[in-house]
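Every chain is numbered from 1, with letters handed out A, B, ... down the list of sequences.
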Amino acid sequence: MTVGIPRALLYYRYRLLWKTFFSELGIATVVSPKTNKSILDMGCSLAVDENCLSSKLFFGHVAALFGNCDIIFVPRITGEGQCGRHGLLCSRFEALYDICENIFRDQGILFLTCNVDPAEGESEAGAFAGMAGILGKTRRKARAAYEKARLAWEEDALSRLRAEEEKSLKDGVKILVISHSYNLRDEYIGLPILQYIEKLGAVPICPDAPLCFPYQRHGKGKSDSSPGQRLPKSTARRLHEPDSLICDRAPWLMSRELLKYIDIFRDRTDGIILITAFPCGPDSLINEMILRRVTDRPILNLILDAQDAQAGIETRIESFIDIIRFRRKAGASEPAR
Amino acid sequence: MNRCSKGVKDKRQMNRGAKEAREKTQMSQCVKRLSYPRLGNYGIAIQYFVTHGAGLEYVPPPPMSKRTIDLGAKHSPDFACAPFKCMMGCYIEAMEKGATVLVQTGGTCRLGYYGELHEQILGDLGYEFEMLNLSLPRYGNILGMIRGIKKLSPEISLIRMLRAIPATVKMILSIDRVEDYRRKNMGFERERGAFDKIYNEFLDALNRADKLMDVRQAYKRAMALFSQTPTDKPTHPLRVGVVGEYFTIMDPYSNHEAEEKIARMGTEVHRWMNLTHSVIFPPNKNPFGQLISYLRYRLRRFPSSIWDDTLKAECADYTEYNVGSSGISTVAIAQRYAKAGFDGLIHVKSFGCTPEMDVIPILHNISADYKIPILFLNYDTQTSDVGIETRLEAFYDMISMAKAAREKETAIMRLYRAATHAPTNKEKT
């Protein structure tokens, strides 16, 4: 059996978890190709027109998997942590499986799902173990595979965070890019922006690693772990704090993580770029809060939709980085706004 | 468990005490005038509860107008959903009228974060007020909420609030039943405006009500007058069901009075979603089921907890899981109306509303399976009615022509069978 994984939305957050889980169970996986124009066009034709760009791409990626796999994996994830303690995800993820079943109803596509709903008592471990039956595996094998996958996922998250820490120590203009991982890492949405920032000679710091696990168990006090696995004290201290300094009651898990990243990296960067897919629900409120409460750094609020031309975005990034360079030259120490 | 040393613990207690005293002094110095944004006519019940239950002054925001929407849109993020902007406008207008405490409730969608952002924006604009944000993240549980309300005004008595609940609940039930009756019959009144006259008198009587008996009398009088009002309602009128997003569906100004408009064209309009069904009575058919729903109520899923599980079971053909917020109710009620043979459905939502956007593919399938047309209306802070009226007129024309064609086909088939002496299906069996 081959399981297809759409390269969109939560793939960028959980790809190592899912791929490791399936490979530990001996199940082949295939991921849809990188985003291109035809996937975008297909997604726009399948989705409701006011869906966010990331969701439109998701449906395009699902369609791109037809004929390449036996079943398509679309999990239903509502939040993380016991009783949703770490926060909720956007309600799009709650409904994603049911939306796919309804959009592709007449095409006889098989969808594989698991229900991760900690607020209702459905833990991630239980959900993955429950998927075992459909995949023809025992629950015990599924639990063992999940444990390994989760460990690998957490280690990868820490090493990604460490990589951003190292980048933040470089010289030169550093731009903190705050965006959900499915926008930041997508070939069509975020990657061209990161490449353009690098082309202008600035260093994009783009933290998007998940933070909702007991990272303390990794690397701390263990003799066989390399010191490089450990996080700097200031970062670890910030991660220990339950909520961000910007606002402490954001309901959404990923928004909370991004706010924490602003806390961690803002002093080491020269400006912040917020990338949002129009009309993202959580971002419409959280970005406004960031703009009002973070006043010591210039912030560029980029809102993207399925535009074809990059010129407008490039112009704005160019002038933003120019302003930062002028401020650095002038030795500005006053708040940006 | 606080494992701090005694010295640190004492210092923290001192700091907390100083902060509380400061807040208490500030609170006692300003007069508490509460306000909550407009939501249909439910403001009357909220006002009653605040004045008679909490013993505080209530400042109702003025009826929503173009100015409200302009103010709200100007000071809100661009693609925040329309309820955020409407509430912002209502808050500003309420403060212009003298409100000092703004009330916000939580919800399972973005509504859960409205309060904090409203507070930030209004504070940045220079307004001086207090935000009573009755959402779970702020207070944790119902005891926390009660403590928060007591902190607002220490004179508030829980007993007095409980005593005001029956009349408040009766007001909400009465408003919903009267509006339900009006929606179903106003399109067929012989004298134009007769139903509206009774309805407005009913609302005035509720505004003056002082106790439960007054509410009961106002309700009985309105229903009696309604039943005496002559109508030309056919035996099988055109029936239209309205489903959609929680705030926009219940507030006539937000949806540009779509229900009244389609009703006046000559239809019987049904709408399940109101405060009675969403907050007071669970949708279970039997009392035991209702009791279970109350016992399993989860505050963190306010308000959808009361209908989630029951309605989800009804739409097993279309969804396996809860699709979020009021989405599951939209699917279940749309399916109920489709099964009952309604002539058309109207889906109302504000632009960008994610849960309602998610159910649109499901509604397309319901429409295809039950051959029922659905009109999708999307609202933002537009101010012109013309586009919406045109679409409603075209929708009405379509469903009335379809109904006429069905009735003509039935009549022709009847004549054909009589002429050819062909047995009907009944006779064949």
Asker: In terms of heavy-atom proximity below 4.5 Å to chain B, should A/Glu101 be classed as side chain, backbone, both, or neither?
Answerer: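 The answer is neither part of A/Glu101.
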Asker: Pick one of side chain, backbone, both or neither for A/Thr113, based on which atoms fall under 4.5 Å of a heavy atom in chain B.
Answerer: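 Interface part for A/Thr113: side chain.
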Asker: Side chains of B/Ser326 and B/Glu356: any donor to acceptor distance under 3.5 Å?
Answerer: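 The criterion, which ignores hydrogens and geometry beyond distance, is satisfied for B/Ser326 and B/Glu356.
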Asker: Which residues pass the side chain to side chain donor-acceptor pair (under 3.5 Å) test with B/Ser254, sequence neighbours left out?
Answerer: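 Listed in chain order: B/Asp251.
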Asker: Can you tell me which portion of B/Ile328 sits under 4.5 Å from chain A's heavy atoms? Options are side chain, backbone, both or neither.
Answerer: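 For B/Ile328, no heavy atom lies under 4.5 Å from chain A.
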Asker: Looking at residues at least two apart in the chain, or sitting in another chain, which of them share a salt bridge (charged side-chain N to carboxylate O under 4.0 Å, His left out) with A/Arg266?
Answerer: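 So A/Arg266 forms a salt bridge (charged side-chain N to carboxylate O under 4.0 Å, His left out) with A/Asp296.
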Asker: For A/Tyr97 and A/Phe111, take the angle between the two ring planes, folded into 0 to 90°, and tell me which bin it lands in: parallel under 30, tilted 30 to 60, perpendicular over 60.
Answerer: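 A/Tyr97 vs A/Phe111 ring planes: perpendicular.
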Asker: Sort out for me which of B/Asp78, B/Asn378, B/Val359 touches chain A most, counting heavy-atom pairs under 4.5 Å.
Answerer: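 Going by pairs under 4.5 Å, I would pick B/Asn378.
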Asker: Is a side-chain donor or acceptor of A/Asn102 paired with a backbone partner of B/Tyr318 at a separation under 3.5 angstrom?
Answerer: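 Yes, because the side chain of A/Asn102 sits within donor-acceptor range (under 3.5 Å) of the backbone of B/Tyr318.
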Asker: Let's test your reading of the structure: which of A/Ala95, A/Ala250, A/Ser284 forms the most heavy-atom pairs below 4.5 Å with chain B?
Answerer: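 Of A/Ala95, A/Ala250, A/Ser284, A/Ser284 has the most heavy-atom pairs under 4.5 Å with chain B.
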Asker: Need one label for B/Phe84: side chain, backbone, both or neither, based on atoms under 4.5 Å from any heavy atom in chain A.
Answerer: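 Looking at B/Phe84, just its side chain touches chain A.
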Asker: Check each atom of A/Arg92 against the heavy atoms of chain B and say whether the ones under 4.5 Å are side chain, backbone, both or neither.
Answerer: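 Both parts, heavy atoms under 4.5 Å.
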Asker: For the residue pair B/Asn133 / B/Glu119, report whether a side-chain donor-acceptor contact shorter than 3.5 Å exists.
Answerer: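 Distance-only check fails for B/Glu119 and B/Asn133.
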Asker: Hey, what's the ring geometry for A/Tyr11 with A/Trp18, parallel, tilted or perpendicular (30° and 60° as the breaks)?
Answerer: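 Ring orientation of A/Tyr11 relative to A/Trp18: tilted.
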Asker: Counting only heavy atoms closer than 4.5 Å, note whether A/Cys52 contacts chain B via side chain, backbone, both or neither.
Answerer: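 Neither the backbone nor the side chain of A/Cys52 comes within 4.5 Å of chain B.
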Asker: If you count heavy-atom pairs under 4.5 Å with chain B, which of A/Arg105, A/Glu288, A/Arg293 comes out on top?
Answerer: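 The residue among A/Arg105, A/Glu288, A/Arg293 with the greatest pair count is A/Arg105.
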Asker: Side chain, backbone, both or neither: which part of A/Asn51 has a heavy atom under 4.5 Å from chain B?
Answerer: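 For A/Asn51, backbone and side chain are both near chain B.
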Asker: When you check the side-chain N and O atoms of B/Asn255 and B/Thr248, is any donor under 3.5 Å from an acceptor?
Answerer: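 No.
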Asker: Where on A/Ile303 is there a heavy atom nearer than 4.5 Å to chain B: the side chain, the backbone, both, or neither?
Answerer: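 Just its side chain gets close to chain B.
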Asker: Is A/Ser55 close to chain B through its backbone or its side chain, or both, or neither, when contacts mean heavy atoms under 4.5 Å?
Answerer: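 Neither part; nothing is under 4.5 Å.
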